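Have a look at the structure below, then the notes.
A quick note: this is a predicted structure, and the numbers were derived from the prediction, not measured.
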Amino acid sequence: QVQLVESGGGSVQAGGSLSLSCAASGATVSRYCMAWFRQSPGKEREGVVQIDSRGWTAYADSVKGRFTISRDNAKNTLFLQINSLKPEDTAMYYCAAAGGGGCYTTSLRPPASYGYWGQGTQVTVSS
(Lines give C-alpha, C1' and ligand atoms only; values in the text may rest on other atoms or scores of the structure.)
Protein backbone atom coordinates (compact mmCIF):
# COMPACT_ATOMS: atom_id res chain seq x y z
CA GLN A 1 0.00 0.00 0.00
CA VAL A 2 1.39 3.34 -1.08
CA GLN A 3 1.31 6.13 1.47
CA LEU A 4 2.49 9.70 0.95
CA VAL A 5 2.83 12.10 3.88
CA GLU A 6 3.51 15.78 3.26
CA SER A 7 4.98 18.21 5.75
CA GLY A 8 6.66 21.58 5.85
CA GLY A 9 3.82 23.93 5.08
CA GLY A 10 3.19 27.08 7.05
CA SER A 11 2.46 30.77 7.01
CA VAL A 12 5.07 33.11 5.60
CA GLN A 13 5.32 36.63 4.29
CA ALA A 14 5.73 37.35 0.61
CA GLY A 15 9.29 36.87 -0.49
CA GLY A 16 9.89 34.13 2.04
CA SER A 17 10.76 30.48 1.50
CA LEU A 18 9.47 27.09 2.52
CA SER A 19 10.67 23.55 2.06
CA LEU A 20 7.99 20.91 1.66
CA SER A 21 8.62 17.20 2.13
CA CYS A 22 6.75 14.11 1.01
CA ALA A 23 7.74 10.90 2.77
CA ALA A 24 6.77 7.81 0.81
CA SER A 25 6.16 4.25 1.90
CA GLY A 26 5.08 1.34 -0.25
CA ALA A 27 6.58 3.06 -3.28
CA THR A 28 10.12 4.00 -4.27
CA VAL A 29 10.15 7.66 -5.23
CA SER A 30 13.02 7.13 -7.66
CA ARG A 31 10.95 4.62 -9.64
CA TYR A 32 7.70 6.54 -9.90
CA CYS A 33 6.52 9.60 -11.71
CA MET A 34 6.21 11.99 -8.75
CA ALA A 35 4.59 15.39 -8.64
CA TRP A 36 3.49 18.31 -6.54
CA PHE A 37 0.04 19.80 -7.06
CA ARG A 38 -1.71 22.67 -5.34
CA GLN A 39 -5.31 23.70 -4.88
CA SER A 40 -6.84 26.91 -3.63
CA PRO A 41 -10.46 27.21 -2.48
CA GLY A 42 -12.79 27.38 -5.44
CA LYS A 43 -10.08 26.48 -7.93
CA GLU A 44 -9.12 23.29 -9.69
CA ARG A 45 -6.13 21.30 -8.57
CA GLU A 46 -3.16 22.35 -10.67
CA GLY A 47 0.15 20.71 -11.37
CA VAL A 48 3.18 22.54 -10.08
CA VAL A 49 6.08 20.26 -10.97
CA GLN A 50 6.78 16.63 -11.77
CA ILE A 51 9.87 14.42 -11.85
CA ASP A 52 10.30 11.00 -13.38
CA SER A 53 12.57 8.06 -12.66
CA ARG A 54 15.35 9.53 -14.83
CA GLY A 55 15.21 12.85 -13.02
CA TRP A 56 13.58 14.73 -15.87
CA THR A 57 11.38 17.54 -14.61
CA ALA A 58 8.56 19.72 -15.83
CA TYR A 59 7.44 22.92 -14.12
CA ALA A 60 4.39 25.11 -14.40
CA ASP A 61 5.29 28.47 -15.96
CA SER A 62 4.05 30.29 -12.87
CA VAL A 63 6.69 28.68 -10.64
CA LYS A 64 9.72 28.38 -12.90
CA GLY A 65 12.78 29.87 -11.28
CA ARG A 66 11.17 29.88 -7.83
CA PHE A 67 10.26 26.25 -7.14
CA THR A 68 12.68 23.33 -7.21
CA ILE A 69 11.78 19.67 -6.96
CA SER A 70 14.26 17.11 -5.65
CA ARG A 71 14.32 13.73 -4.01
CA ASP A 72 16.43 11.87 -1.50
CA ASN A 73 16.46 8.26 -2.62
CA ALA A 74 18.02 7.03 0.62
CA LYS A 75 15.19 8.60 2.63
CA ASN A 76 12.60 7.81 -0.04
CA THR A 77 11.42 11.39 0.22
CA LEU A 78 10.38 14.00 -2.32
CA PHE A 79 11.03 17.69 -1.66
CA LEU A 80 9.77 20.99 -2.97
CA GLN A 81 11.84 24.08 -2.27
CA ILE A 82 9.74 27.20 -2.66
CA ASN A 83 11.46 30.58 -2.84
CA SER A 84 10.25 34.12 -3.46
CA LEU A 85 6.78 33.20 -2.31
CA LYS A 86 3.84 35.25 -3.55
CA PRO A 87 0.33 35.59 -2.09
CA GLU A 88 -1.00 33.74 -5.13
CA ASP A 89 1.04 30.70 -4.08
CA THR A 90 -1.33 30.28 -1.14
CA ALA A 91 -2.86 26.80 -1.47
CA MET A 92 -2.95 23.28 -0.15
CA TYR A 93 0.03 21.46 -1.62
CA TYR A 94 -0.26 17.79 -2.44
CA CYS A 95 2.29 15.13 -3.29
CA ALA A 96 1.27 12.55 -5.90
CA ALA A 97 2.72 9.38 -7.37
CA ALA A 98 2.05 7.36 -10.50
CA GLY A 99 3.53 3.97 -11.24
CA GLY A 100 5.45 3.12 -14.37
CA GLY A 101 8.66 5.02 -13.80
CA GLY A 102 8.52 7.60 -16.51
CA CYS A 103 6.08 10.46 -16.67
CA TYR A 104 6.02 9.85 -20.43
CA THR A 105 5.46 13.45 -21.29
CA THR A 106 7.36 16.73 -21.13
CA SER A 107 4.15 18.46 -20.09
CA LEU A 108 2.61 18.32 -16.65
CA ARG A 109 0.34 15.33 -16.31
CA PRO A 110 -3.24 15.92 -15.14
CA PRO A 111 -4.34 15.01 -11.61
CA ALA A 112 -6.43 12.07 -12.84
CA SER A 113 -3.29 10.34 -14.09
CA TYR A 114 -1.91 9.98 -10.56
CA GLY A 115 -3.13 7.08 -8.46
CA TYR A 116 -1.65 7.97 -5.09
CA TRP A 117 -2.03 11.16 -3.08
CA GLY A 118 -0.97 12.57 0.22
CA GLN A 119 -3.24 14.47 2.58
CA GLY A 120 -1.72 17.84 1.74
CA THR A 121 0.13 20.58 3.58
CA GLN A 122 -1.11 24.16 3.71
CA VAL A 123 0.99 27.06 2.46
CA THR A 124 -0.25 30.56 3.27
CA VAL A 125 1.54 33.64 2.00
CA SER A 126 0.68 37.09 3.31
CA SER A 127 1.48 40.33 1.54
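- Linking ILVMFWY side-chain heavy atoms closer than 4.5 Å, directly or via other members, places V49 and W117 in two distinct hydrophobic clusters.
- Note that SG of C103 is 9.5 Å distant from CE of M34, once rounded to the nearest 0.5 Å.
- The structure places CG of L78 at 10.0 Å from CG of N73, a figure rounded to the nearest 0.5 Å.
- We find the OH-OG distance between Y32 and S53 to be 11.5 Å, quoted to the nearest 0.5 Å.
- The line from SG of C22 to CG of N76 is 9.0 Å long, rounded to the nearest 0.5 Å.
- Minimum heavy-atom separation, M92 to Q122: SD-N, 3.5 Å.
- Residue Y59 is tested with I69, L108, V48 for a side chain to side chain contact (heavy atoms under 4.5 Å, CB included); the sole match is I69.
- Hydrophobic clustering (side-chain heavy atoms under 4.5 Å, transitive across Ile, Leu, Val, Met, Phe, Trp, Tyr) groups Y116 together with I51.
- L80 and Y94 fall into different hydrophobic clusters, where Ile, Leu, Val, Met, Phe, Trp and Tyr residues are linked whenever their side-chain heavy atoms come under 4.5 Å apart, directly or through other members.
- With hydrogens and angles ignored, the 3.5 Å screen pairs no side-chain donor or acceptor of Q81 with any backbone N or O of T68.
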| message | Does R38 form a side chain to side chain contact (heavy atoms under 4.5 Å, CB included) with V123? I'd like the steps, not just the answer. | response | CA-CA 9 Å; R38 65 185 181 186; V123 171; over 6 Å; no
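- A donor-acceptor contact shorter than 3.5 Å links the side chain of Q50 to the backbone of R109.
- For the atom pair F67 CZ and L85 CG, the distance stands at 6.0 Å (nearest 0.5 Å).
- With salt bridges taken as basic N to acidic carboxylate O contacts below 4.0 Å, one links D61 and K64.
- In terms of heavy atoms, A91 sits closest to S40 at CB-OG, 3.5 Å.
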Applying side chain to side chain contact (heavy atoms under 4.5 Å, CB included), run through F37 and Y114 and close with a yes or a no. CA-CA 11 Å; F37 286 80; Y114 288 87; 3.6 Å; yes
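- One distance of note links OG of S17 with CG of N83; it measures 4.0 Å at 0.5 Å rounding.
- Between S127 and A14 the shortest heavy-atom distance is CA-CB, 4.3 Å.
- Under the 4.5 Å side-chain heavy-atom criterion for Ile, Leu, Val, Met, Phe, Trp and Tyr, F79 and L4 are members of distinct hydrophobic clusters.
- Among all heavy-atom pairs drawn from V29 and A24, the shortest one is CG1-CB, 3.6 Å.
- Checked by atom type and distance alone, the side chain of E6 pairs as donor or acceptor with a backbone atom of G120 at under 3.5 Å.
- With T90 contributing its side chain and V125 its backbone, the two residues share a donor-acceptor pair below 3.5 Å.
- Put simply, I82 and V12 are part of the same group of oily side chains (I, L, V, M, F, W, Y) that touch within less than 4.5 Å, one to the next.
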